[in-house]
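Indexing begins at 1, ligand by ligand and atom by atom, following the structure's order. This chain uses plain numbering: 1 for the first residue, then up along the sequence. Note that these values count all heavy atoms, side chains included, but never hydrogens, waters or copies made by symmetry.
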Amino acid sequence: MMEWSDRHCRMLHRLLCDNALLYTEMVTAMAVIRGDRARLLGFDAREHPVALQLGGAEPEGLAEAAKIGADFGYDEINLNVGCPSDRVQSGRFGACLMREPALVADCVAAMREAVSIPVTVKCRIGVDDQDPAVSLRTLIAACQGTDTFIVHARKAWLEGLSPKENRDVPPLDYELVYAIKRENPALTIVLNGGIASFDQAEAHLKQVDGVMLGRVAYQTPAILAEVDARFFGGASHSVEAAVEAYLEYVARQLTNGVPLNAMTRHMLGLFNGRPGARLFRRHLSENATRPGAGIAVLREALAHLTRREEVAT
Ligand SMILES: Cc1cc2nc3c(=O)[nH]c(=O)nc-3n(C[C@H](O)[C@H](O)[C@H](O)COP(=O)(O)O)c2cc1C
């Protein structure tokens with residue numbers, strides 16, 4: 001998720017669960033080819049399994065970027081066919097590719113040819129006035145050889161809605177995604193969009209192979225501490241232990257020149273609902289952006305969690 005699932009966010013999430021597949025922000029193929037690769041693609045080995053999401057619509061460039069990503073050690077390359085932003089539309093990729101299934105097919109074929117790791121597609125069910133029952137099926141049928149589709153189960157309205165509205169306003173159609181799975185039992189179909197709880201996730205998992213959580217995972221990351229136990233037959237994680245490990249990570253990254261706020265901003269929702277959470281957030285918001293802010297700021301913020309919320313109001 002752009003601006004959200006950067007390497008620091010992913011590190012925090014990984015410390016909370018071992019098994020969920022994590023995704024990078026979308027990076028354009030052109031940026032991968034021409035940009036500062038260490039900055040755009042670098043990640044911590046502990047983040048595995050981690051997928052690199054690419055944006056683009058040009059088979060050769062996507063193939064080259066996929067190869068670079070595979071060489072960096074990513075576990076999967078994912079093609080974005082769902083982003084509705086204007087910037088992406090002017091580059092003719094993202095969600096508007098729902099209108100060009102043959103081009104998507106060429107892109108994924110070129111990417112698959114270039115790498116030996118899985119190449120997957122994240123798509124919408126359609127755009128604008130498309131009939132989702134047709135557009136989603138057409139896209140999937142076109143992408144012969146691609147066996148995993150992550151479907152954000154709503155249309156994107158490219159005219160008239162902002163990217164944010166496009167994540168909430170077009171209605172969700174989970175039934176269509178369930179039907180796609182029934183019709184294509186050999187495909188791995190992952191459902192995304194509006195999944196608000198693990199109970200909901202569990203219900204979807206009776207119909208599809210996987211679920212992807214976006215905003216809920218970012219805004220309330222502590223829920224991830226239960227993912228291994230609930231879905232992977234593993235053990236729950238302790239949020240406290242994850243935070244201790246993240247403190248070590250933050251301390252090391254500070255010595256590499258990473259600003260404190262670049263890491264602590266992903267923690268703001270971590271203690272939601274717990275006494276002191278508001279003071280924790282406020283302390284970080286007010287202090288972590290200051291020049292030279294160090295690990296002490298994070299420790300002071302954490303100390304608020306042991307005090308009563310009303311003390312400082
Ligand atoms: C801030 C933000 C950035 C996003 N960036 C991306 C992105 O780079 N690539 C992508 O495929 N989806 C992106 N999305 C969409 C999410 O991946 C997801 O499809 C959408 O939020 C619906 O899932 P949810 O209801 O679980 O959040 C973004 C969402 C948000 C809120």
Give yes if a backbone or side-chain nitrogen or oxygen of [X] is under 3.5 Å from a nitrogen or oxygen of ligand 1, and no if not.
| X | answer |
| --- | --- |
| Asn192 | yes |
| Lys122 | yes |
| Val216 | no |
| Met1 | no |
| Trp4 | no |

From the candidates Arg167, Arg215, Met212, the one that places a heavy atom nearest atom 30 (C) of ligand 1 =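 Checking each option, the heavy atom nearest atom 30 (C) of ligand 1 is found in Arg167.
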Could you list the atoms of ligand 1 found under 4.0 angstrom from a heavy atom of [X]?
| X | answer |
| --- | --- |
| Gly193 | 22 (C), 23 (O), 25 (O) |
| Asn80 | 9 (N), 10 (C), 11 (O) |
| Gly194 | 24 (P), 25 (O) |

For [atom], the protein heavy atom that lies nearest, with its residue and separation:
| atom | answer |
| --- | --- |
| atom 26 (O) of ligand 1 | Gly214 N, 2.8 Å |
| atom 20 (C) of ligand 1 | His152 CE1, 3.7 Å |
| atom 3 (C) of ligand 1 | Met2 N, 3.3 Å |
| atom 7 (C) of ligand 1 | Gln53 OE1, 3.6 Å |

Using 4.0 Å as the upper bound for N to carboxylate O, is an ion pair formed by [Y] and [X]?
| X | Y | answer |
| --- | --- | --- |
| Arg7 | Asp44 | no |
| Arg230 | Asp199 | yes |
| Arg14 | Glu47 | no |
| Asp168 | Arg215 | yes |
| Asp173 | Lys155 | no |

request  = Dump the intermediate steps for salt bridge (charged side-chain N to carboxylate O under 4.0 Å, His left out) on Asp71 and Lys67, then the final yes or no.
outcome  = CA-CA 6 Å; Asp71 290 345; Lys67 170 86 172 64; 2.9 Å; yes
request  = Check Ala105 against Ala142 and note the closest heavy-atom contact, atom names and distance.
outcome  =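 Shortest heavy-atom contact: CB-O, 3.3 Å.
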query = Under 3.5 Å, side chain of Glu58 to main-chain N/O of Gly61, donor-acceptor pair present?
reply =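 Here the side-chain-to-backbone pair exists.
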ask   = Does Gln130 reach the main-chain N or O of Pro132 with its side chain, forming a donor-acceptor pair under 3.5 Å?
value =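 The answer is no, because no donor-acceptor pair under 3.5 Å joins these two groups.
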ask   = Given that the side chain starts at C-beta and the backbone is N, CA, C, O, which of these parts of Met26 lies under 4.0 Å from ligand 1, counting heavy atoms, or is it both or neither?
value =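 For Met26, backbone and side-chain atoms both sit under 4.0 Å from ligand 1.
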